[in-house]
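I have placed the structure first, in the form of structure tokens, so that the comments after it can refer back to it.
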Amino acid sequence: MTMRLSRKHLTLIVLAALVALAPAFFPSNFYYRIGSLIFVNGLAVTGLVVLIGFAGQISLGHAGFAGIGAYACALAPGYLGLHPGLAMLGGAGLSGVVAWLIGRPILRLKGYYLAVATLGFGILVSMVLANEAGITGGPDGREVAELGLRSALAAIGIGLNNAQFWYAATGLSMLAGAWVALNLHDSPSGRALRALHDSEVAARTVGVDVARLKLQAFVISAVYASLSGSLLALMNRFITPDVAGFLHSVEQVTMTVFGGVGSVPGAILGAAVLTLLPQALTVLQQYENLILGLIMMLVMIFMRDGLLPSLMRRLKGRE
Amino acid sequence: MTLLSVEGVGIDFGGLRAVNDVGFSVSPGEIVSIIGPNGAGKTTLFNMISGVYRPQRGRIALDGTDVTGMAPNRLAERGLSRTFQNLQIFQRMSVLENVMTGCHLRERGPVLGDLLSLPSSRRRSAATSARANALLERVGLARAAEREASSLSYGALKRLEIARALALEPRILLLDEPAAGCNAVETEEIDHLIAEVAKSGVAILLVEHDMKMVMRISGHIVVLDRGEKIAEGAPATVSRNPKVIEAYLGTQAAEAGDAVG
Ligand SMILES: Nc1ncnc2c1ncn2[C@@H]1O[C@H](COP(=O)(O)OP(=O)(O)O)[C@@H](O)[C@H]1O
Ligand SMILES: [Mg+2]
């Protein structure tokens with residue numbers, strides 16, 4: 001027990017240290033922006049670790065929940081007069097309710113049937129966002145209100161520029177998300193989720209209510225996706241329906257699997273690498289996507305469990 | 001004092017009558033064995049009793065309540081636990097976590113508490129961990145507690161499944177070939193463990209090919225052949241039944257019968 005606890009704490013300490021110390025090496029404000037994007041993605045992939053890595057259920061439509069979270073922040077302040085921060089929480093609640101409603105029928109499906117059904121949900125959300133132009137602004141997107149927290153912080157003497165503020169806000173959100181997911185991993189619910197991933201029939205016979213637990217994992221991961229979408233909208237002060245699009249869903253599943261689908265720090269590493277790589281590879285100009293694709297294929301061929309778990313195994317093997 | 005009663009159950013797969021019109025009963029503390037050649041329908045019968053398959057015919061009652069077709073997790077809540085012939089281990093979890101999951105019904109709680117690692121959730125996990133460690137001690141796997149389950153030998157995995165099934169604190173335990181693939185020493189350990197569990201009042205339903213073990217520990221034997229019950233009774237009676245000898249036991253029975261008689 002103490003061993004597991006310390007592993008969780010070690011992971012959190014390393015993540016927190018990386019978030020806190022990285023700015024010391026930033027040559028310009030632009031890097032705060034890249035860091036924030038990594039953290040927003042890191043939050044989303046942590047939710048996918050709960051769904052795919054723990055519970056073993058695929059979703060190719062989670063960007064749909066990011067869309068709900070993003071547009072909650074874009075629309076609720078104007079239409080309902082909600083503070084953007086409350087809109088973010090409201091969006092998360094709405095995503096949870098939607099996930100609960102669609103999860104009940106959808107999660108009876110397995111494997112690629114589930115993949116296609118979730119895909120359909122994501123497409124549905126992005127279609128609604130693009131077509132209901134009167135409300136959402138349509139494919140051209142719309143502006144998002146200022147969160148206002150930065151000026152509040154400045155008033156109490158914490159002066160951050162915009163890029164720094166969002167670096168801190170998204171970094172702390174990602175760390176909180178990691179803490180929650182790691183808590184879940186070693187809890188009774190987390191064990192039951194991982195158990196039904198390995199053997200549904202055995203999980204059932206020890207009393208696990210499989211349908212209920214899958215649904216809980218689905219709702220939890222939807223809330224993660226929604227919060228990440230909200231943060232993206234508030235940070236960019238602008239949002240388009242692409243946030244809910246198929247490509248965004250696939251990108252996040254790719255990050256999760258690339259980094260290590262069963263591992264919270266692994267998936268976050270995947271988010272970091274796949275957010276940074278395209279930036280770094282721009283020097284290769286037209287070969288950028290070619291090299292990116294090649295790297296991804298090679299990692300999956302030679303590091304089947306994902307980047308971090310495979311690296312850890314190799315390190316252990318050498319000892 | 002019947003705990004489990006099975007009456008005329010049957011199921012077909014396509015045209016195959018996998019199990020047909022089988023009935024028997026098990027009382028607390030009793031060890032009842034189901035024997036029969038491969039393909040006789042023993043595992044299918046277990047799957048129906050544990051709710052994995054819904055019987056197409058007949059009735060199953062647990063403690064007087066009709067539980068026919070009830071979901072496995074509901075049956076677990078009523079104290080029915082089982083192991084699997086072809087192992088259903090939680091591969092990517094540690095040995096200890098496998099057994100802890102067997103305590104699920106006792107340790108589960110509000111998911112919000114688990115997400116926030118509230119003290120109540122941590123207390124439940126700690127209590128489960130202690131119980132699971134004690135069970136691992138009992139099946140001789142205490143030293144492997146932190147290992148990944150998939151790294152264990154076949155015999156060890158068989159014992160791990162028994163520990164996980166016991167973690168449920170069942171009133172009735174279904175064991176599907178618990179000693180298959182185990183060496184003589186391991187088999188004897190499992191044999192003792194089963195007898196001990198039965199002595200504590202748990203009803204046991206056993207499928208096992210090791211006839212010596214079956215004859216030694218069973219109070220009652222049910223013989224299946226091609227899905228039908230062809231005989232039942234005390235070990236000594238069953239092993240002398242000509243139909244049984246013809247269908248299944250052959251020379252093995254004569255030996256075992258001698259050993260018993
Ligand atoms: N899910 C299934 N689908 C189709 N046939 C099955 C299924 N399960 C078992 N059977 C068939 O039912 C018969 C009984 O199998 P089983 O119960 O596994 O026998 P035993 O455990 O006694 O060796 C066999 O002919 C087997 O092939
Ligand atoms: Mg069998």
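Residue numbers begin at 1 in each chain, while the letters A, B, ... track the order of the sequences. FYI, side chains are in, hydrogens and waters are out, and symmetry mates aren't considered; it's all heavy atoms of this structure.
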ask   = Taking all non-hydrogen atoms of both residues, which atom of B:L168 and which atom of A:V206 are closest, and how far apart?
value = CD1-O, 3.3 Å
query = When heavy-atom pairs shorter than 4.5 Å are enumerated against chain B, which of A:A181, A:G262, A:G190, A:A203 gives the highest number?
reply = A:A203
inquiry  = Please classify the contact between B:R92 and chain A as side chain, backbone, both or neither, with a heavy-atom cut-off of under 4.5 Å.
reply    = both
ask   = Considering residues, nucleotides and ligands other than B:E137, do more than 12 of their heavy atoms fall under 6.0 Å from its CD?
value = no
query = If you look at every heavy atom in B:Q91 and A:D198, which pair is closest and at what distance?
reply = N-OD2, 3.0 Å
note = One should read off an interatomic distance between A:R204 CZ and B:L75 CG, to the nearest 0.5 angstrom, of 12.0 Å
request  = Check step by step if side chain to side chain contact (heavy atoms under 4.5 Å, CB included) holds for A:L184 and B:L115.
outcome  = CA-CA 5 Å; A:L184 180 66; B:L115 290 167; 3.9 Å; yes
note = Looking only at B:N98, B:V52, B:L116, most heavy-atom pairs under 4.5 Å shared with chain A are made by B:L116
task = Working to the nearest 0.5 Å, report the span between NE2 of B:H104 and CG of A:D209.
result = 7.5 Å
message = Less than 4.5 Å to any heavy atom of chain B: does that hold for the side chain of A:L182, its backbone, both, or neither?
response = neither
inquiry  = Show the nearest heavy-atom pair for residues B:V111 and A:S189, with the distance to one decimal.
reply    = CG2-OG, 3.9 Å
task = Taking all non-hydrogen atoms of both residues into account, name the closest pair between B:Q88 and A:A202 and its distance.
result = O-CB, 3.5 Å
key: Minimum heavy-atom distance between A:K8 and B:S117, given as atom pair plus value   = NZ-OG, 3.9 Å
task = Look up atom OG1 in A:T205 and atom CZ in B:R164, then write down how far apart they are to the nearest 0.5 Å.
result = 6.0 Å
query = Is a side-chain donor-acceptor pair under 3.5 Å present for B:S125 with A:R191?
reply = yes
ask   = Can you tell me if CZ on B:R171 sees more than 12 non-hydrogen neighbours from other groups inside 6.0 Å?
value = yes
message = Around atom CZ of A:F302, are there more than 12 heavy atoms from other residues, nucleotides or ligands closer than 6.0 Å?
response = no
task = Take atom OH of B:Y154 as the centre, draw a 6.0 Å sphere, and report whether it contains more than 12 heavy atoms from other residues, nucleotides or ligands.
result = yes
query = If you round to the nearest 0.5 Å, how far is CE of B:M93 from NE2 of A:H197?
reply = 11.5 Å
key: Backbone of A:S187 reached by a side-chain donor or acceptor of B:D114 within 3.5 Å   = no
key: CE/A:M312: more than 12 non-hydrogen atoms of other groups inside 6.0 Å   = no
request  = List the atom of B:R108, the atom of A:P188, and the distance in Å for their closest heavy-atom pair.
outcome  = CA-CB, 4.2 Å
